[in-house]
Number of protein chains: 2
Amino acid sequence: MPRAGLSRAAVTDIAVELVDSAPDGFAGLTLAAVAARAGVAVPSLYKHIGSLAELRRAVALVGLSELLRRSSAATVGVAGPDALRALGRELRAFASGHPGLYAATQVAPDLNDPTALALAQVAHDTVSVVISVLRGFGLADERCVDAVRATRASVHGFVELEAHGGFGMPDDVDRSFEALLDVLVAGIGQLART
Amino acid sequence: MPRAGLSRAAVTDIAVELVDSAPDGFAGLTLAAVAARAGVAVPSLYKHIGSLAELRRAVALVGLSELLRRSSAATVGVAGPDALRALGRELRAFASGHPGLYAATQVAPDLNDPTALALAQVAHDTVSVVISVLRGFGLADERCVDAVRATRASVHGFVELEAHGGFGMPDDVDRSFEALLDVLVAGIGQLART
DNA sequence: GCCATTAAGCTAATACTATTAGCCAAAGCC
DNA sequence: GGCTTTGGCTAATAGTATTAGCTTAATGGC
C-alpha cells in the first residue's frame, strides 16, 4: 500500500484545477472527482479535509487571494476613472479565464472553519483595493461604501450574466462591458457631486 | 391505494413553495422534499415531470413569468428615470420576497424541453419591458442593448450580493441600492449623450 | 538499528440523492 | 360491466458524502 503523499494543500490544488476545467465548474465539484485525480479512494481525502464544504471554502480562499492579487496588480500606478476601468477589466478577465475559481469567490464564509479568518482578511483587503481605486473620485466618506457596492454589484452582475449565458443576443459583449464601465464612471462621478 | 390527484402544475406549485421557504432555496430543491409535501413516494413524481432538471426549469418559468408581470405592473404610466428606479426597486423587492423563485430565473434554458419556447418568450418579453423603460433616455439604437445589459447587470449583481451576504458591513443597504439607482440613471443619461 | 507512535491509506457500512423497471389498482370510456 | 389509461406503489441501480475501524507506511526516541 504505497502512499500518495497528499496534503491539505495538494487536495485543494486538485480541486482548484477541477473547478476550472470540469464542465459543471464549482457547483459540480465532487470528492469522487478529486479522489480520482489524486489516485486515491474517496474516504482517504478526509485525512486532509474536514468535509466537502470545507474544501469548497478552501478553494474560495484560493480564488479570493488570486482575485486580490490581480486587482492590486492591475491598479498600481493608475488613478480615478482609468483605475476603475482597469479593475473592472481585470475582474472580467479573471472570471473568464477561471470561471470555477471566480464562482468559488461567492461562497458564504463559515465561522468555526479553519480558514474563516484568512477568508475574512482577504475579503477585507479586496474591498480595500476597491476603496483605493474609488478614492480618485473625491467621494464623501458616507458615499464611499455605496460606491464600492455599486461597483462590485455592476461588474459582478455583468460577469455572472455573461458566464451563465444570460445575454441572449450575441451583440458585441466586449463593447457592452465597456459601456458598463462608462456608466459606472459617469454615475460615480455624479455620485461624488451630490 | 387512494390517489393524491397530482398533476404537472400541482407538482410545480409545490416546488415553487419549497424553493422560497426551504433554507437552501432553489439550489437545494429536492424531489424527496416535493414528494413529502405532496404525500407521495418519490418515483411517483415521474408520472408528472421528466426529471429534476425539468422541474427546475418549470419553476424557472413560473419565476420569470412573475418577474415579467411585476416589471410590467411597476412601470406602466411612468417614464425615464422614474421608470428605471421603479423597475429596479420592484426587482429587488421580488428577489427579497421570493429568493428561491428569483434564483430560479437564472437557470440556463434547455432546448428539447417542453417549456423551452414559453421560457424564451417570457425572457424576451422581460427584456422588452427594460427596453421600453430605457426608451425615455433617448438612447441611440446601437446603445440600447448596452444600456439594457448595464441595467440588468447592476441590479442583478446587487440583488445577488445582498442575498448571499456579500455586503460585509451592515451599513444601510437600502440607501446603497438607491445610490446604485442614482449611478445607473446618471450613467445611462451620460451614455445617451455620447 | 529497533521499537513505538503517528499518520495516511484502505474497505465496509450508512444515509442520502435521482432515476428506471415493473406491478397493481383507481378512474374514465364505450 | 369490462377495457384502457393513468397514477400510484415497491424494488433495484447508481451516484453522492460521511463515519468507523483496520492496516501499514513513515517517523522520532533511545
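Sequence lines set the chain letters: A, B, ... in the order given, protein chains first and strands last, and positions in each chain run from 1.
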Legend entry - Protein-nucleotide distance (A:Leu31, atom CG; C:dT17, atom P), rounded to Å: 18 Å

Legend entry - Protein-nucleotide distance (A:Arg8, atom CZ; C:dA7, atom C1'), rounded to Å: 17 Å

Inset, instruction - May I ask you to decide if A:Val40's main-chain N or O and A:Ser44's side chain share a donor-acceptor pair within less than 3.5 Å? - result: no

Inset, instruction - Classify the nucleic acid contact of B:Val42 as base, sugar-phosphate or nothing, counting any heavy atom under 4.0 Å across all strands shown. - result: base

Legend entry - B:Leu45 CG to C:dT17 P, straight-line distance once rounded to whole Å: 12 Å

Legend entry - Under-3.5 Å donor-acceptor pair between A:Arg3 side chain and C:dA7 base: yes

Inset, instruction - Find which nucleotide of DNA chain D each of B:Ser7 and A:Ala53 is nearest to by heavy atoms, and output the residue with the more 5' nucleotide. - result: B:Ser7

Legend entry - Gap between atoms CD and P, on B:Glu54 and C:dT19 respectively (whole Å): 10 Å

Inset, instruction - Using a cut-off of strictly less than 4.0 Å, decide whether A:Thr30 has a side-chain nitrogen or oxygen near OP1 or OP2 of D:dG15. - result: no

Legend entry - Phosphate OP1/OP2 of C:dC10: any A:Ser44 side-chain N/O under 4.0 Å: yes

Inset, instruction - Quickly work out the B:Tyr46 OH to C:dT19 P distance and round it to whole Å. - result: 3 Å

Legend entry - Length of the line joining B:Lys47:NZ and D:dG7:C1', which is rounded to integer Å: 6 Å

Legend entry - First of B:Gly50 and A:Pro43 reached from the 5' end of DNA chain C, by closest nucleotide: A:Pro43

Inset, instruction - Compare the minimum distances between each of C:dT17, C:dC10, D:dT10 and the side chain of A:Val40, then state the nucleotide with the smallest one. - result: C:dC10

Inset, instruction - May I have the distance from A:Leu55 (atom CG) to D:dT18 (atom C1'), rounded to whole angstrom? - result: 14 Å

Legend entry - Inter-residue atom distance A:Gln121.CD - A:Leu61.CG, 0.5 Å rounding: 11.0 Å

Inset, instruction - Would you please say whether a donor-acceptor pair under 3.5 Å links the side chains of B:His98 and B:Glu66? - result: no

Inset, instruction - Any chance you could measure B:Leu139, atom CG, to B:Ile131, atom CD1, to the nearest 0.5 Å? - result: 11.0 Å

Legend entry - Distance in angstrom units between A:Leu6 CG and C:dC10 P, rounded: 9 Å

Legend entry - Side-chain donor-acceptor contact under 3.5 Å, B:Thr115 with B:Arg57: no

Inset, instruction - Check whether any side-chain nitrogen or oxygen of B:His48 sits under 4.0 Å from OP1 or OP2 of D:dT6, and answer yes or no. - result: no

